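It should be emphasised that the depicted structure is a prediction, and the values quoted were computed from it without experimental measurement.
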Amino acid sequence: QRRVHGDPLTYRRHFCSFLSSMSYQTPDSKKEEFRKYLEKAGVIDQLTRVLVGLYEEPEKPSNAVDFIKKYLGAPTGIDVDALKAENETLKEKNRELQARLEDLSRQFEQLKAEHDEADR
């Protein structure tokens, strides 16, 4: 296993080399297109920074994936499925409240019309 030492540009060069050498079952042009996409989108630079950050960490974290998520600003320790379920529950509650509001608005308009008619 080869270790890369040096500045972030060296890491970036090796990372680009790694991406170029990935053995997908697609033509080389697709791999190159994907590599260019990653580079243009800033993914390669960001991954290079996070890997350099992990490399330079004096005490290696026990969970490298959580370190990477935290480094990139993603929340850790969150149950995404629970959040999705809660979101669906809240959407349903919102639909119910919207329907109730429409119903009450209709009732109000009806009572208002009856009241206006009685005043004539």
Side-chain angles (χ1 to χ4, degrees):
Q1 186 175 15
R2 203 168 103 206
R3 289 189 174 241
V4 181
H5 298 285
D7 64 316
L9 289 176
T10 303
Y11 287 104
R12 185 170 190 268
R13 194 169 48 252
H14 286 282
F15 188 69
C16 287
S17 173
F18 163 74
L19 286 177
S20 296
S21 69
M22 291 184 349
S23 59
Y24 289 119
Q25 296 178 348
T26 60
D28 285 341
S29 61
K30 280 204 165 210
K31 286 193 290 186
E32 182 61 21
E33 181 181 321
F34 182 66
R35 189 196 62 75
K36 285 180 181 178
Y37 161 74
L38 291 176
E39 188 165 8
K40 184 177 180 184
V43 173
I44 292 174
D45 287 337
Q46 195 69 346
L47 287 175
T48 300
R49 281 189 205 103
V50 74
L51 292 174
V52 169
L54 182 58
Y55 175 77
E56 292 176 346
E57 192 68 25
E59 292 187 33
K60 302 298 181 239
S62 60
N63 188 331
V65 173
D66 280 347
F67 173 88
I68 291 169
K69 285 179 183 178
K70 186 176 176 183
Y71 195 96
L72 293 175
T76 57
I78 293 179
D79 185 353
V80 175
D81 291 330
L83 287 176
K84 287 179 180 179
E86 180 184 16
N87 188 35
E88 287 305 313
T89 301
L90 292 172
K91 283 180 182 179
E92 180 59 32
K93 182 68 173 173
N94 187 41
R95 283 190 287 274
E96 292 170 6
L97 290 172
Q98 288 289 335
R100 179 77 175 131
L101 176 62
E102 290 173 14
D103 184 46
L104 290 172
S105 294
R106 276 193 295 276
Q107 288 179 25
F108 173 76
E109 291 300 323
Q110 184 180 359
L111 290 171
K112 184 179 173 192
E114 290 173 5
H115 183 273
D116 290 346
E117 206 173 284
D119 283 347
R120 291 186 192 167

Just verifying a value: how many Å separate Phe67 CZ and Leu51 CG, rounded to the nearest 0.5 Å?
9.5 Å
Straight-line distance of Glu39 CD to Glu32 CD, nearest 0.5 Å
9.0 Å
Evaluate salt bridge (charged side-chain N to carboxylate O under 4.0 Å, His left out) for Arg95 paired with Glu92, printing each intermediate quantity in order.
CA-CA 5 Å; Arg95 283 190 287 274; Glu92 180 59 32; 3.0 Å; yes
Does a sphere of radius 6.0 Å around NZ in Lys112 hold more than 12 heavy atoms from other residues, nucleotides or ligands, not counting ones at 6.0 Å or beyond?
no
If you apply the rule side-chain contact (heavy atoms from CB on, under 4.5 Å), what do you find for Lys93 with Thr89, and how did you get there?
CA-CA 6 Å; Lys93 182 68 173 173; Thr89 301; 5.6 Å; no
To the nearest 0.5 Å, atom CD of Glu33 lies from atom CG of Leu38 at 11.0 Å
Kindly compute the distance separating CG (Leu111) from CD (Glu109), expressed to the nearest 0.5 Å.
9.5 Å
Can you find a pair of side-chain heavy atoms, one from Leu104 and one from Phe108, that are under 4.5 Å apart?
no
Hey, mind stepping through Glu88 and Lys91 against salt bridge (charged side-chain N to carboxylate O under 4.0 Å, His left out) and telling me if it holds?
CA-CA 5 Å; Glu88 287 305 313; Lys91 283 180 182 179; 3.6 Å; yes
Around atom CD of Glu117, are there more than 12 heavy atoms from other residues, nucleotides or ligands closer than 6.0 Å?
no
Has Lys69 got a side-chain atom pairing as donor or acceptor with Ala64's backbone, closer than 3.5 angstrom?
no
So, do Lys70 and Asp66 sit near enough that their side-chain heavy atoms are less than 4.5 Å apart?
no
Rounded to the nearest 0.5 angstrom, the CZ-CG distance for Arg49 and Leu47 is 10.0 Å
As an exercise, state the distance from NZ of Lys30 to OH of Tyr37, rounded to the nearest 0.5 Å.
14.0 Å
